[in-house]
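Input: a single structure, listed below in structure tokens.
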Amino acid sequence: MKLFESLAAYPVSPFRKFDGAGKECATGADYAGGVRVIFDENTGLYWEVKSPNESDVNFGGKTFTFSEAADVHASELNTAKFGGYDDWRVPNKDELRSIMDYSRTDGVIPLIFGNCPVGDYWTKNVYRLQDYFSWVLYSGFGSGIAKRQDAKNFVLAVRSGNDRRFGESDASRFTDNGDGTVTDAATGLMWQKDTNPRMGPKQAEKFCANLSLAGYSDWRLPNIKELNTILNLDVNAQSWLFSAFPMPQNEAMLHYAANGVFENHFAWVTNFTMGYDGYYGGRDAPLLSRAVRYADGAKPAPASQTEKKPFVITHTGQTKAFDLKGREVAADRIWGLDAERVWTAQKYTAEEDGKAVRDEQTGLLWDNAHEDVLLTWNEAHEYVRALNDMHYLGKTDWRLPGREELRSIAVYDDGYPAIDRALFPNAKGDCYWTGVSGKTDSDLAWGIYFGYGCSVPYPKTRRANVRAVSGGDDPFRIPSKERFIVNADKTVTDTATGLMWMQEETPLLKQKDALVFCKELRLGGYDDWVMPSLKELATLINLYEGSEWFFPELFPDTNTKPQGFYQSSTVFGGTFGWGCNFQFGFDGYYADRMNGAYPFRPMRRITKEN
């Protein structure tokens, strides 16, 4: 089944025309030429064609109450064996919408259905929140609304259908595939199980198009017809979502975006809290979304062509909290400090008799057998090529890690070296190369200094340690235009990390006041804002594009003068605060926690790993 918004989207028209005796008519025939029934090959539904004559049983201008639509109109068609059939009925909401052509500006019911005046058309569905109301579709625009059952409205009768579950509140339609997707057998559509964060409709369209999920890369934002097929008209206790789809958290009104814009200004929206749909969202309104694809569409894309899941930013390993005087306190005493907020703990497994360590959170495999290797940056590249040539540990994808990939295994517990010392017992408290060259000085390349865990640009001719990595690619090399989404609510979503950031600048505050600012922040409908850790904040350093170390199109007012230093929630030595310098691209523990006032960038996590 293909539920295109416009009939022009069908390569071949799905509609076939039949006369009152069941004989197929010529393609160009109309009502005057004998057409009485339209058969839709796409859905298997047969539709009555409306007459312009008041005396006919199928007169298009006659209106009915909700009960009369079935008890009078459909009954009269069956008594007359209209078109040769006696099983005519009132369509359900999805069935009626399936024939609508949203490209039309003079009524969305196509002309081949005869004399169909613009107005409200009954469906068989009762509005469950007020059972004296029932659903109609307005044929002027194609939107759904509930009307009193004693109102007089038009009706377009239907019969048969390929799958009688289409448009019905039958949970057996849905199969949870166990990979973050749900398949609807009635429509042949595969759905993203979870809900995407709020963003403008155009951004949601881009987000869905760039999504790679369950090995598929042909995801898209659904059109209004498709989106409404997962609206459960027998509304449950929580929402109008079928049980196969989890309720999004911290959302009061479930407005979901559909593809397409009405009159170049309004977004098509389905409200899964109240059941309505229409064009009442601004084209930049922050809306929820859920991607869709055809279940019989493209086969899973090769791994090299699929997007990765967000890179998991693990906790820093900081377990001790300190007050402003450097005195150790209980970790939960100071809200928002790094030691108090542990979202995703570091988790490793030794492999190959300890020659490698698997990061269970990021999926990366780290070499753990060549701690004494000291090479220049160019030699380090030759070194990982040699590992691949020899199929070291059975792998051929060894590489130098990205800067933030390498930082991901750093531990900021003030121990030496700054790494899990049990799993990496021979690690050095010195510089380890990354594969990231200096963008403003090609003679430099970035390294992570594991004496403390800070990033430092080193001359490429210097000899440093090498820790090769296998698996994945540096997620921060994704072009910023593909990686980030600027939301209409003054937030920025980073698809590479699953983090959402406040776009505007904060005042310069001391750490204790900055933590309170984040705790009390209400932005974009969310109340779970925090001050980022060093690892989280460092993901916003612009390592690859332009000459700035921040992203000017995303955060145009970034404070780079006089220092460019943004504080984080991570503490060093009890009295100093870690942070990142967006003027020069590096990081360090330069913040005076007691007296210093610095900018910061509030953050929340969209994807929370266990």
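What you see is a predicted model, and the numbers here were worked out from it, not measured in a lab.
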- Item | side chain to side chain contact (heavy atoms under 4.5 Å, CB included) evaluation trace for Arg198 with Asn487 | CA-CA 7 Å; Arg198 288 186 179 272; Asn487 304 311; over 6 Å; no

- For Phe245 and Phe174, what are the C-alpha separation, side-chain angles and deciding distance, and is it a ring pair (Phe, Tyr, Trp, His ring centres under 6.0 Å)? CA-CA 10 Å; Phe245 302 97; Phe174 298 99; 5.8 Å; yes

- Task: Kindly indicate, with the supporting measurements, whether the criterion ring pair (Phe, Tyr, Trp, His ring centres under 6.0 Å) is fulfilled by Phe565 and Tyr598.
- Result: CA-CA 7 Å; Phe565 182 86; Tyr598 309 92; 5.4 Å; yes

- Task: Step by step, work out the ring pair (Phe, Tyr, Trp, His ring centres under 6.0 Å) result for Phe555 and Phe582.
- Result: CA-CA 11 Å; Phe555 307 102; Phe582 287 90; 8.3 Å; no

- Start with the C-alpha gap between Thr183 and Asn177, add the side-chain angles, then the distance that decides, and say whether side-chain hydrogen bond (donor to acceptor under 3.5 Å, both in side chains) holds. CA-CA 7 Å; Thr183 298; Asn177 300 313; 2.9 Å; yes

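There is a side-chain donor-acceptor pair under 3.5 Å between Arg593 and Gln511. Thr344 and Arg605 share a donor-acceptor pair across their side chains, judged by distance under 3.5 Å alone. Residues Tyr432 and Glu371 bring a donor and an acceptor atom of their side chains to less than 3.5 Å of each other. No side-chain donor from either of Asn378 and Glu382 sits under 3.5 Å from a side-chain acceptor of the other. Ser533 and Asp338 form no side-chain donor-acceptor contact under 3.5 Å, judged by distance and modelled atom types alone. Of the N and O atoms on the side chains of Ser437 and Lys460, at least one donor lies less than 3.5 Å from an acceptor on the other residue. At a cut-off of 3.5 Å, with distance as the only test, a side-chain donor of Tyr544 or Asp474 sits close to an acceptor on the other residue. One side chain, Ser470 or Asp397, offers a donor N or O that lies under 3.5 Å from an acceptor on the other. Between the side chains of Tyr392 and Glu352, no donor N or O sits under 3.5 Å from an acceptor N or O. Looking at Asp587 and Ser455, their side chains do bring a donor and an acceptor atom within 3.5 Å of each other.
More than 12 heavy atoms of other residues, nucleotides or ligands lie within 6.0 Å of CD in Glu360, so this atom counts as buried by the packing criterion. More than 12 non-hydrogen atoms from other residues, nucleotides or ligands lie less than 6.0 angstrom from CZ of Arg477. Residue-environment remark: NZ (Lys206) exceeds the threshold of 12 foreign heavy atoms within 6.0 Å. Annotation for Phe551: atom CZ counts as buried by contact number, over 12 foreign heavy atoms lying within 6.0 Å.
The existence of a salt bridge linking Asp494 and Arg483 is confirmed by a sub-4.0 Å separation between a basic side-chain nitrogen and an acidic carboxylate oxygen. Ion pair Asp413/Lys320 not flagged as a salt bridge, since none of the NZ, NE, NH1 or NH2 atoms sits closer than 4.0 Å to an Asp/Glu carboxylate oxygen. Arg220 has a carboxylate O that lies under 4.0 Å from a charged side-chain N of Glu226, or vice versa, which qualifies the two as a salt bridge. For the pair Glu536 and Arg341, the salt-bridge criterion is met [side-chain N within less than 4.0 Å of a carboxylate O]. Asp372 and Lys428 are joined by a salt bridge, as a carboxylate oxygen and a charged side-chain nitrogen come within less than 4.0 angstrom of each other. By the 4.0 Å N-to-carboxylate-O rule, Arg467 lies too far from Asp367 to be salt-bridged with it.
Taking the six-membered ring for Trp and thresholds of 30 and 60 degrees, Phe586 and Phe584 have nearly parallel ring planes, at less than 30 degrees apart. A perpendicular orientation is assigned to the rings of Tyr216 and Trp219, their planes being inclined by more than 60° (bins at 30° and 60°).
The cationic atom of Arg173 (NZ for Lys, CZ for Arg) lies less than 6.0 Å from the six-membered ring centre of Phe242 and within 45° of the ring axis. Cation-pi geometry between Arg407 and Tyr412 is not met at under 6.0 angstrom from the ring centre and within 45 degrees of the axis. For Lys439 and Trp549, the positive end sits near the middle of the six-membered ring, less than 6.0 Å away and at most 45° from its axis.
Here the side chain of Lys395 pairs no donor or acceptor atom with the backbone of Leu365 at under 3.5 angstrom. The backbone N or O of Thr376 lies less than 3.5 Å from a partner atom in the side chain of Glu379, making a donor-acceptor pair. Between the side chain of Trp433 and the backbone N or O of Leu375, at least one donor-acceptor pair lies under 3.5 Å. Between the side chain of Gln346 and the main chain of Ala410, a donor-acceptor pair closer than 3.5 Å is present. For Arg601 (side chain) and Gln503 (main-chain N/O), a donor-acceptor pair under 3.5 Å exists by modelled atom type. Using modelled atom types, one side-chain atom of Asp420 and one backbone atom of Ala422 make a donor-acceptor pair closer than 3.5 Å. Thr195 places no side-chain N or O within donor-acceptor distance of the main-chain N or O of Pro248, the cut-off being under 3.5 Å.
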